[in-house]
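Chain naming here is simple, since letters A, B, ... match the order of the sequence lines and numbering starts at 1 in each. Treat the numbers as computed from the prediction; the structure is a model and nothing was measured.
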Amino acid sequence: MTDTITRFAPSPTGHLHIGGARTALFCAAYAHGRSGRFALRIEDTDQKRSSEAAAAGILDDLAWLGICWDDGPEANGCGGDDRKVGPYYQSQRREIYDRYFTKLIEMGLAYPAFDTPEELAEMRKAAEAQKKTFIYRQQADYDHAQAMELAKTEGHVLRFKMPAEPVVVNDEILGEVTFPYEELDDLVIRKRDGFPTYHFAVVVDDETMGVTHVVRGQEHLNNTPRHVALIKALGFDVPKFAHLPLIFNPDGSKMSKRDKDKAVRAAVKAAGDVTASDAGVDERDFAKWQKDKSVQLPQDKLVPLAAKLGVELPEIDVEDFRRSGYLPEAIVNYIALLGWNPGERDDEGNEIERFDRAYLDSKFAFDRVGKKASKFDRDKLRAFNFDLIKSMDPGDFVEAWRTWCERYDAALLETLDKDAMLQLAPAVQQRAVTLGEARGPIAFLFTETDTIEYDEKAVKKHVLKGEPAGLDVLRDFAPKLAAIEPFAPEVIEETISSHCQTNELNMGKLAQPIRVAMTGAAVSPPLGITLSSLGKDTVVARVDRFLKFMDA
RNA sequence: GGCCCCAUCGUCUAGUCCGGUCUAGGACGUCAGGUUCUCAUCCUGAAAACCGGGGUUCGAAUCCCCGUGGGGUCACCA
């Protein structure tokens, strides 16, 4: 078996973090670029924090990004168990772990420990008082036979007896890293509730699933020597390791899901009068959330609360970026560049940085992954997204736009049908960086004619000033509007421009007053699109209203 | 604090492994012009970096050491 097999193993405690998305992306790219397989495993050994809904959400986030897994839970057209190495939820693999627990105990490399959490806390405190890190070791007078007997009736954990030697981790990105034995303790491998700990489960799963390359974030580097020691003790093959550099916020702090709570918490504090019922949660939870920085509010409560307070939530999870209206292709392209670079130039000698999945799959390797943590640059992501939107075929754009609306802005679909959106597409595509901002350039469509407020400065500059004044130009032109037939962009523009030509006027002289009449301000997409999308009746009504307003 | 990782424009990075071609290249952002009926798009241009100190060498962004700075991690979480 020389196939390349990678895996991504999230714990289902919330939406997929953007950093996790990058890890998954690199795992998939590495395997698929080598005709290997990419497996997905759900690490739900923490019964309290895991949820089926979160697992489904992560699967959905991945599929949306176009990161499909070959082995794993079947969802969104991905997954399956072709290699017969499932199940892919750790909570369903208890029997497998038990086999290896038994094996380790028989080899004398695992032993029951009866210390209570309180006792351990005490020992840690004592170690800390001496400015040392607490290292758990088996007692010198530990009686194995007696312990095994006691274990039949007493609650206990199982610990791994760490071999007394340094562990060398050979990392594909970082190189050789050595960890002294003095830093490695007899870690818990089976919890009191009988579930394996993360360390044990990963090692057993990666072996039994045939994983050849363990690709994960650098925050796991310190765990790796423990895993290597376990792997060797169990007689498994040591896989290749690749620890990816971390992703930070622009201010250098770690990009964390808690950042969202942090933003809202600050706003709640600033507002001063926000209550638990405003937040839609119960009194006690709300108080706890306000006090404890490590507590998070559920997403479906946090988002509306943020909206109510007018706070913009930092985008952290894939779902956040999706809601903002980024395209999966843009996200994938951008995050691929966080810590990796193809190191190729185009014909003009510029660094290649815009590419698709096929290119990534074919080029990705660990030798071009950097060691330095990178800061997440939203402006650059926005640029990628905008470029993609601009270059889309209008039909494709409308499809993407409508799909996004179905999920996040159903109201827009009630106002605009497909044809209307298709007509607006070119104007919107030049102006909207994200799908969420697509409403911006066409906001004038959603205000009622009789609620338009005219911007004073725009009126002064484009309507009152000059010779002739814009107001007179508009008044002069107004009657021609109703006669335009058909009321289509080209015809409208032709009418306006010929009117200007006959009267020896600059286009702006007429265009700007029309804009003010239509939108209240001096900014809009090209007049043809603006007027035709409004419809003749509305256009005429808005001009009338504006002229009356100016007369008054 | 212990252990571990890292260090090129504001940001992502190329160059580093195999020292000279680097008066350090590109992208995003910023600034300045131009095209245009407004906004936007588009085009052109500019400013902007090798963390510090020692070594090695004819020569160091590139190799070595020290310092400084940043980060990760120290759970019956993953």
Look at all strands and tell whether [X] reaches a base, only sugar-phosphate, or nothing, counting heavy atoms closer than 4.0 Å.
X        : answer
A/His243 : nothing
A/Asp115 : base
A/Thr13  : nothing
A/Asn223 : base
A/Pro10  : nothing
A/Pro245 : nothing
A/His462 : nothing
A/Arg159 : sugar-phosphate
A/Leu246 : sugar-phosphate
A/Gly217 : nothing
A/Lys132 : nothing

Assess [X] against [Y]: is NZ or CZ under 6.0 Å from the centre of the six-membered ring, and within 45 degrees of the ring's axis?
X        : Y        : answer
A/Arg439 : A/Phe446 : yes
A/Arg226 : A/Phe160 : no
A/Arg159 : A/Tyr136 : yes
A/Arg378 : A/Phe384 : no

Taking atom [atom2] of [N] as reference, at what distance in whole Å does atom [atom1] of [X] sit?
X        : N     : atom1 : atom2 : value
A/Gln296 : B/A78 : CD    : C1'   : 14 Å
A/Glu154 : B/C76 : CD    : P     : 19 Å
A/Phe179 : B/C74 : CZ    : C1'   : 12 Å
A/Asp346 : B/U13 : CG    : P     : 19 Å
A/Lys509 : B/U38 : NZ    : P     : 13 Å
A/Lys131 : B/C3  : NZ    : C1'   : 16 Å

Partners meeting ring-ring contact (aromatic ring centres under 6.0 Å, His included) with A/Phe179 (sequence neighbours left out): none
For A/Phe101, which residues count as a ring-ring contact (aromatic ring centres under 6.0 Å, His included) partner, sequence neighbours excluded? A/Phe200
Nearest to the side chain of [X], which nucleotide is it out of [options]?
X        : options             : answer
A/Asn222 : B/C37, B/C3, B/C39  : B/C3
A/Leu174 : B/C6, B/A78, B/A40  : B/C6
A/Arg49  : B/G1, B/A78, B/C37  : B/A78
A/Val177 : B/A78, B/C4, B/C37  : B/C4
A/Ser11  : B/A40, B/G72, B/A78 : B/A78
A/Glu183 : B/C3, B/C74, B/C37  : B/C3

Once you apply the 3.5 Å cut-off to both distances, tell me the Watson-Crick or G-U wobble partner of [N], or none.
N     : result
B/A60 : none
B/G10 : B/C28
B/C74 : B/G1
B/C50 : none
B/C42 : B/G34

For [N], does OP1 or OP2 lie under 4.0 Å from any side-chain N or O of [X]?
X        : N     : value
A/Arg515 : B/C37 : no
A/Lys191 : B/C77 : yes
A/Thr45  : B/A78 : yes
A/Lys371 : B/C6  : yes
A/Lys390 : B/C42 : yes
A/Ser374 : B/U13 : yes
A/Lys372 : B/U8  : yes

Both A/Ile135 and A/Asn506 contact RNA chain B. Taking the nearest nucleotide for each, which residue is further toward the 5' end? A/Asn506
Rounding to an integer number of angstrom, what distance separates [N] and [M] when you compare their [atom1] atoms?
N     : M     : atom1 : value
B/C18 : B/C74 : C1'   : 39 Å
B/A7  : B/A14 : P     : 11 Å
B/A24 : B/U8  : C1'   : 8 Å
B/C5  : B/U41 : P     : 45 Å

Short question: side chain of [X], backbone of [Y] - any donor-acceptor pair under 3.5 Å?
X        : Y        : value
A/Asp346 : A/Asn350 : yes
A/Arg368 : A/Phe364 : no
A/Asn506 : A/Gly508 : no

Rounded to the nearest 0.5 Å, how far does [atom2] of [Y] lie from [atom1] of [X]?
X        : Y        : atom1 : atom2 : value
A/Gln429 : A/Lys390 : CD    : NZ    : 11.0 Å
A/Leu338 : A/Leu244 : CG    : CG    : 10.0 Å
A/Phe546 : A/Arg542 : CZ    : CZ    : 13.0 Å

Every protein N/O within reach of nucleotides 14-16 of chain B N/O, cut-off under 3.5 Å:
unit_1	atom_1	unit_2	atom_2	d
B/A14	O4'	A/Glu351	OE1	3.2
B/A14	O3'	A/Arg368	NH2	3.3
B/G15	OP1	A/Arg368	NH1	3.1
B/G15	OP1	A/Arg368	NH2	3.2
B/G15	OP2	A/Arg368	NH2	3.4

Looking only at the aromatic ring of each residue, does the gap between the centers of A/Phe248 and A/Phe376 stay below 6.0 angstrom? no
Considering only heavy atoms, which members of residues 377-387 of chain A lie under 4.0 Å from some atom of RNA chain B? A/Asp377, A/Asp379, A/Lys380, A/Ala383, A/Phe386
Output one line per pair: protein atom, nucleotide atom from nucleotides 63-70 of chain B, and distance, for all N/O pairs under 3.5 Å.
none

Classify the ring geometry of A/Phe321 against A/Tyr326: parallel below 30°, tilted from 30° to 60°, perpendicular beyond 60°. perpendicular
For A/Ala443, the side-chain contact (heavy atoms from CB on, under 4.5 Å) test, sequence neighbours excluded, returns none
Does one side chain, of A/Ser524 or A/Thr530, offer a donor that lies under 3.5 Å from an acceptor on the other? yes
